[in-house]
Number of protein chains: 2
Amino acid sequence: MTKTTSSIRSGAFKATRKTHSNESAEDYTELVADLIEANGEARTVEVARHLGISHVTALRTIRRLQNEGFFETAKHKPIYLTAKGKKLAAYCKERHQTILQFLNLIGVPEKVAEVDAEGVEHHISKETLRALKEHISKFAE
Amino acid sequence: MTKTTSSIRSGAFKATRKTHSNESAEDYTELVADLIEANGEARTVEVARHLGISHVTALRTIRRLQNEGFFETAKHKPIYLTAKGKKLAAYCKERHQTILQFLNLIGVPEKVAEVDAEGVEHHISKETLRALKEHISKFAE
DNA sequence: TCAGAAATGTAGCATGTGCTACATTTACTG
DNA sequence: CAGTAAATGTAGCACATGCTACATTTCTGA
Ligand SMILES: [Mn+2]
Ligand SMILES: [Mn+2]
Ligand SMILES: [Mn+2]
Ligand SMILES: [Mn+2]
């Protein structure tokens with residue numbers, strides 16, 4: 001008997017891996033935008049503190065994201081968002097909010113909702129985001 | 001002016017990183033269980049094909065998961081799930097299904113739903129899963 | 001102003017996961 | 001049962017992200 005090879009759905013796994021490779025960009029830009037709004041500027045140590053990682057890891061990742069065009073920064077200077085970075089941050093922040101709102105709506109405890117939203121957000125496509133929004137308004141009638 | 005340090009929510013980021021470190025275990029055990037059900041056995045190449053990665057990467061990861069007690073296997077032999085592995089696979093499969101069902105309910109297109117579910121699932125806590133189920137039954141009245 | 005604190009940066013290490021190239025073993029098929 | 005195809009395994013590379021230890025620069029307050 002030859003193997004049925006049960007369909008092969010590698011596409012979803014490939015997409016998930018691609019999403020993961022973009023997660024830092026999403027979390028870092030969103031966080032940097034928040035810090036700038038809250039403190040007037042974003043500094044590496046502060047990014048590290050909020051992410052719960054060492055300042056060295058934050059430094060290196062910020063440098064990579066600068067090379068990829070999300071940040072602008074110089075030695076011993078604060079971190080600025082490029083237009084590309086601002087756009088990504090704004091999209092992520094809005095998406096993050098929508099997800100939190102949804103989790104809230106269906107009765108997930110606040111603390112848990114915050115954790116789940118932080119992980120889930122990166123995997124929510126534009127289509128699902130739209131569906132979530134529509135569902136929220138429909139359900140909150 | 002001293003920095004406001006805008007709350008510090010590093011807990012959610014830490015939890016997300018921990019979740020990621022467990023993702024392979026979840027996807028691999030679920031997939032291996034599926035393959036055993038569909039084909040009678042699970043082989044490394046087949047796992048690799050379904051995940052869309054090289055057989056070498058699959059081999060190495062399966063070995064790690066064996067050391068962590070999810071699989072049992074020997075050279076040139078198929079992959080078996082331990083009790084621990086079976087338990088994880090069953091939980092993940094059920095959760096995966098629930099999420100797909102929910103995405104379907106709110107009108108996300110099939111293909112997109114499959115991709116989103118594959119990524120999102122790992123970040124859905126027991127609390128959110130329960131809330132999702134309740135919401136599904138409430139909404140599908 | 002200037003000494004100590006805070007921030008930034010470098011060096012070097014680890015782990016997980018991705019790859020190709022090549023070797024060996026097992027399975028299938030004529 | 002021999003020869004080929006498929007599966008498995010090894011070696012060795014890359015990259016992202018985590019860490020500590022230590023060096024240097026900048027900021028700050030007495
Ligand atoms: Mn996040
Ligand atoms: Mn976020
Ligand atoms: Mn998955
Ligand atoms: Mn899954």
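The sequence lines fix the lettering, A, B, ..., with proteins before strands; numbering per chain opens at 1.
For A:D27 and A:H122, the side-chain atoms include at least one donor-acceptor pair closer than 3.5 Å.
Pairs engaging residues 63-78 of chain B under the side-chain hydrogen bond (donor to acceptor under 3.5 Å, both in side chains) rule: B:R64-B:E68 [sequence neighbours left out]. Annotation: salt bridge (Lys or Arg N to Asp or Glu O under 4.0 Å) contacts involving residues 80-89 of chain A, sequence neighbours excluded, are absent.
Under the 30°/60° scheme for interplanar angles, the aromatic rings of A:H20 and B:H20 are found to stand perpendicular.
Side-chain contact between A:E41 and A:Y80 is absent, with no heavy-atom pair separated by less than 4.5 Å. At least one side-chain heavy atom of A:F70 sits under 4.5 Å from a side-chain heavy atom of A:L88.
We find that CD of A:E68 is positioned 11 Å from C1' of D:dC15, with the value rounded to whole Å. The separation between A:K14 atom NZ and C:dC19 atom C1' is 13 Å, rounded to whole Å. Residue B:I53 contributes atom CD1, which lies 12 Å from atom P of C:dT20 at whole-angstrom precision. As a whole-Å value, the separation of B:R17 CZ from D:dT17 C1' is 9 Å. Residue A:E41 contributes atom CD, which lies 11 Å from atom P of C:dA7 at whole-angstrom precision.
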Mind listing the N/O atom pairs, protein and nucleotides 25-28 of chain D, below 3.5 Å?
none

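In this structure, B:F13 has its ring center no closer than 6.0 Å to that of A:Y28.
Between A:R49 and C:dA7, a side-chain N or O to OP1/OP2 separation shorter than 4.0 Å is present. Phosphate contact (OP1/OP2 of D:dT17, side-chain N/O of A:S24, threshold under 4.0 Å): present.
Taking a 4.0 Å limit (strictly below) on heavy-atom distances, residues 55-64 of chain B reaches DNA chain D at B:H55, B:V56, B:L59, B:R63.
Across all strands shown, A:T44 has heavy atoms under 4.0 Å from sugar-phosphate atoms exclusively, and none from any base.
Distances were taken from every side-chain heavy atom of B:V45 (C-beta onward) to each of C:dA7, D:dC19, D:dA7; the shortest belongs to D:dA7.
In this structure A:R95 satisfies the salt bridge (Lys or Arg N to Asp or Glu O under 4.0 Å) test together with A:E26, sequence neighbours excluded. Qualifying salt bridge (Lys or Arg N to Asp or Glu O under 4.0 Å) partners for A:K14, counting only residues two or more places apart in sequence or in other chains: none.
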